[in-house]
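Chain A is the first sequence line, chain B the second, and so forth, proteins listed ahead of strands; every chain is numbered from 1.
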2 protein chains.
Amino acid sequence: MTSQQDLLDMLAQVARALGNGHRLALLERLAQGGASVESLANTTDLTVGNASQHLQHLRRAGLVTAQRSGKQMIYRLTDERIVNLLGLLRQVAETNLAEMERLVSRLFAEDDADGVLEAVSRDELLAGLASGEVALLDVRPEEEYEAGHLPEAINIPLEQLGDMLGKLPRDREIVAYCRGPYCVLSHEAVQRLRQLGYRVRRFEEGYPEWKAAGLPIA
Amino acid sequence: MTSQQDLLDMLAQVARALGNGHRLALLERLAQGGASVESLANTTDLTVGNASQHLQHLRRAGLVTAQRSGKQMIYRLTDERIVNLLGLLRQVAETNLAEMERLVSRLFAEDDADGVLEAVSRDELLAGLASGEVALLDVRPEEEYEAGHLPEAINIPLEQLGDMLGKLPRDREIVAYCRGPYCVLSHEAVQRLRQLGYRVRRFEEGYPEWKAAGLPIA
DNA sequence: CCATCATTCTATCAATTAATTGAATGATAG
DNA sequence: CTATCATTCAATTAATTGATAGAATGATGG
């Protein structure tokens, strides 16, 4: 006979699949778009063998699917709602764990006496884009940009920021975004560009959250 | 230095706290309202010592708080959004794990050739209540009903269903609800009442989801 | 203060999980 | 068919987790 506890045990199995920092890193990368095991291993600093095992763990939990493409195995999120699930987990953790807040503020430690570096909210960004006052900058690697990005966004991967400044407008405020709330790429970009005199702030979310909210992508 | 991985590790710690069936059962019970360790141990079939340990695990993850009241320790959810988090986890698991669906349909196995026992959705229930065509029946234990319930709901705990039939109207359809989507109390009540000739269906959600949605409670 | 009750702490054992290594499989290009 | 590349499998080890039993703590009522 099936009992309610069996169902909860199965739910727990899915939750346990989320219960490892490396697997969360893999999911965050997968939220940018599908990728091969090797590519995933590189962006998450795992050995290929280890990444493969974690991906199979996620697959058993129904969180990702695998599809062979030639020699490579391409992994993808099974469900767009997984982004929402991770977002909600993040919110709950941030509001209820003091330790969490400490880590977040340290990760984004910034010399921001005037508060001008305050991150841009989704509503604020939408308003800025509608009025044409804001230029969007995607600082993720080209591979992730190609897999999908916010409309009208210019792609300058963080490593090439110095070489491609010509692409950036001087007459509008720039809003930089990257992989999500904990991604430091956009934060780093903002700090560097501000030193060069650009008017630039960081979007408080990233591409996956934008997409999961059903907003238009390119 | 703090890295993004530290944050993901901390998120993983919260997810791991959800990664145990007994702890999910405790959270489901806590979603009905605060309770003592002993009460929680009873409703989840755990020993008191074991329940205490799991509750402390949940506390370290920031999911519950404890407050002493006389000799007893009353535990509560720290955050209403935890109900949403569990709901989303459930949705993701149900849509992506075949095994999950199999278990759910077996738990609610019903002899329902005509489809009349189909669960009532939230919108349908709201419409029925607004028009006065529906009477609400809460079949949870009195303790949980007292801690909060849907407006106008009559409480008849499942064990006392036979004794208190007089409270039920014959002229309206009855909608029974209990703790949530996996709670079998309302399902059991519906089966029994239908045999007695009542017009009755079960609400597909439960009290915690109703409350978390911001709908009025009593 | 003492007895009682509710809960937590401590120690222990069994079970599960994560990382590592090296071998095995599957697909492709020559 | 063979060499190569990407991924998975299998075996081992260390670390973590969960259950249990019994001692310890904290609050209450006489």
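- Protein atom CG of Leu55(A) is 13 Å distant from nucleotide atom P of dA19(C), rounded to whole Å.
- With a 6.0 Å cutoff to the six-membered ring centre and a 45° limit on the axis angle, Arg140(A) counts as a cation-pi contact of Tyr207(A).
- Taking only side-chain nitrogens and oxygens, Gln56(B) comes nearer than 4.0 Å to OP1 or OP2 of dC9(C).
- Between Leu46(A) atom CG and dT17(C) atom C1' there is a gap of 15 Å when expressed in whole angstrom units.
- For Arg16(A), taking side-chain heavy atoms from C-beta onward, the closest of the listed nucleotides dG18(D), dA18(C), dT17(C) is dT17(C).
- A sub-4.0 Å separation between OP1 or OP2 of dT7(D) and a side-chain N or O of Ser52(A) is absent.
- Contact between the side-chain N/O atoms of Tyr75(A) and the OP1/OP2 oxygens of dT8(D) is found at a separation under 4.0 Å.
- Donor-acceptor pairing under 3.5 Å is recorded for the side chains of Ser52(B) and Gln56(B).
- Computed from coordinates, the Arg60(B) CZ to dT8(C) P distance equals 12 Å when rounded to whole Å.
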**Message:** Show, in sequence, the C-alpha distance, side-chain angles and deciding distance for Arg201(A) and Glu118(A), and conclude whether the salt bridge (charged side-chain N to carboxylate O under 4.0 Å, His left out) test is met.
**Reply:** CA-CA 7 Å; Arg201(A) 287 189 295 161; Glu118(A) 191 67 27; over 6 Å; no
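- The phosphate of dA19(D) has OP1 or OP2 within less than 4.0 Å of a side-chain N or O from His54(B).
- Between Gln72(A) atom CD and dT7(D) atom P the separation is 5 Å, expressed in whole Å.
- Within residues 18-43 of chain A, the residues that place at least one heavy atom under 4.0 Å from DNA chain C are, in residue-number order, Asn20(A), His22(A), Arg23(A).
- Note that Arg90(B) lies in the cation-pi zone of Tyr182(B), set by a 6.0 Å cut-off to the ring centre and a 45° limit from the axis.
- Atom P of nucleotide dT20(D) and atom CG of Asp45(B) are separated by 12 Å, given to the nearest angstrom.
- Considering only the side chain of Gln53(B), dT10(C) comes nearest among dA6(C), dT8(D), dT10(C).
- The CD atom of Gln67(A) sits 18 Å away from the P atom of dG26(C) (whole-angstrom rounding).
- The heavy-atom pair separating Ala218(B) from Pro151(B) by the smallest distance is CB-CA, 4.4 Å.
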Expected rows: protein N/O vs nucleotides 26-30 of chain D N/O, under 3.5 Å:
none

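- Because its NZ or CZ atom is both nearer than 6.0 Å to the ring centre of Phe108(B) and within 45° of the ring axis, Arg202(B) counts as a cation-pi partner of that residue.
- Here the closest heavy-atom approach between residue Val139(A) and residue Ala189(A) is recorded as CG1-CB, 3.8 Å.
- Ring orientation note: the planes of His54(B) and His22(B) are tilted relative to one another, at an angle of 30° to 60°.
- For the pair Ile74(A) CD1 and dA27(C) C1', the computed distance is 14 Å after rounding to whole Å.
- Distance from the side chain of Met73(B) is smallest for dT7(C) among the nucleotides dT7(C), dA11(D), dG18(D).
- Taken to the nearest 0.5 Å, the CG atom of Leu63(B) stands 8.5 Å off from the CG atom of Leu77(B).
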